[in-house]
Amino acid sequence: MTLQAIKYNKGKLEILDQLLLPTQSVYRDILSVEDGWKAINSMQVRGAPAIAIVGALSLAVEMYPKIYEDKQELEKDVEEKLNRLVKARPTAVNMKIATHQITSLAKELAYNDLINLEEMKAKILGSIEEMLEKDVSDNKSIGLIGADAIIKQKNCNNGSARILTHCNTGSLATAGYGTALGVIRALHESNHLEHVYCTETRPYMQGARLTAYELVHDRLPSTLVCDSAVAALLQHEQITAVVVGADRVAANGDTANKIGTYQIAVVAKHHGVPFYVASPLSSVDLSIPSGEHIPIEERSDKEITHVLDKRIAAPGISCWNPAFDITPASLITGIITEHGMLDPLELEEKVSKFKCLQKEIEITKI
Ligand SMILES: CSC[C@@H](O)[C@@H](O)C(=O)COP(=O)(O)O
């Protein structure tokens, strides 16, 4: 059985509470946008694509039973609620991009005299509900494209890859299958995965708690390592490639991802190991020219000073706890998108073409 972080059916939404994993699997009902905001902000649901999907679906849950006076009221409601959701976590861009897509659609429908209120509501709900399926199919494309590139690398021993990944990018961080973990799954499905190493991902431990859980659940040959073991691993264990996810990719290819990603990229460069970012277009933010403009979420000191509510750090020490860092494009071998492997240098041009095309397709659907 595949892991399902998000369960949705026509106005009913449940999420797997990731604060309780890996010891308990408990699903929570999301009954409103406020519930969605809280689940994202408290990290019951996390991972850039999953944040956007749960946020948008929490709006769908509210919209289903609601009776709107007119199209303008519906448009205003959609815009206000989505803008609130964008603020739940600042670094991942997917909620902001989803908000832009859905509010633009709502605006177009509101001014289209051929569409009535009921049709407008149905079309907005349809576009939100499509996100679930699209995310899984995009991840499957990312998986195939990434796996194919890795198998063709000169250092891929008889087509057998040894991969290092960081944080959690799997079924729990997306609608299913995963981004970087999707590449690893695709390698495994085609019998090209010799081994995968995942980092603990201090201080929140997404690697130890979530990625390790997914790898064991899916029976992939895998090993957990401390974040501080990465340099030694690349020195001794013949790693074929590093594959990580993204919370936001800037127009020049600089990539925000879980704290610790940047130092892995530096070490990979030192050892000549290809370093890939697996990112759907929904994580690419062309409005941001480079990584230095990406807002980085800072989280509570307690994530560093405590383990399971017990203080382990010396009392009185001050802490700095950024949740993400920026990997410069110069350290990235390729960005694996659902439309192909992109060189960070060609990202802006290619992605704007794909996004224009997507927009045209959406307009023809109205
Ligand atoms: C596929 S999401 C990108 C990930 O690599 C990652 O940084 C992530 O899972 C997000 O972090 P989180 O703080 O757990 O929400």
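Basis for what follows: all heavy atoms, side chains included, without hydrogens, waters or symmetry-related copies. Numbering of ligands and ligand atoms starts at 1, following listing order.
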Kindly list each side-chain donor-acceptor pair under 3.5 angstrom involving residues 269-276, sequence neighbours excluded, with atom names and distances?
| unit_1 | atom_1 | unit_2 | atom_2 | d |
| --- | --- | --- | --- | --- |
| K269 | NZ | S330 | O | 3.4 |
| Y276 | OH | Q153 | OE1 | 2.6 |

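A donor atom on one side chain and an acceptor atom on the other are not found under 3.5 Å apart for N155 and T240.
Judged by a 6.0 Å distance limit and a 45° cone about the ring axis, K121 is not positioned over the six-membered ring of Y68.
K350 pairs by the salt bridge (charged side-chain N to carboxylate O under 4.0 Å, His left out) definition with E346, not counting sequence neighbours.
Of the residues listed (Q206, H166, K258), the one engaging T199 in a side chain to side chain donor-acceptor pair (under 3.5 Å) is H166, and it is the only one.
Pairs engaging residues 305-316 under the side chain to side chain donor-acceptor pair (under 3.5 Å) rule: K302-D309 [sequence neighbours left out].
Ordered by chain and residue number, the residues placing a heavy atom less than 4.0 Å from ligand 1 are M43, R46, G47, A48, P49, R89, C167, N168, T169, T179, Q206, G245, A246, D247, N257, K258, F324.
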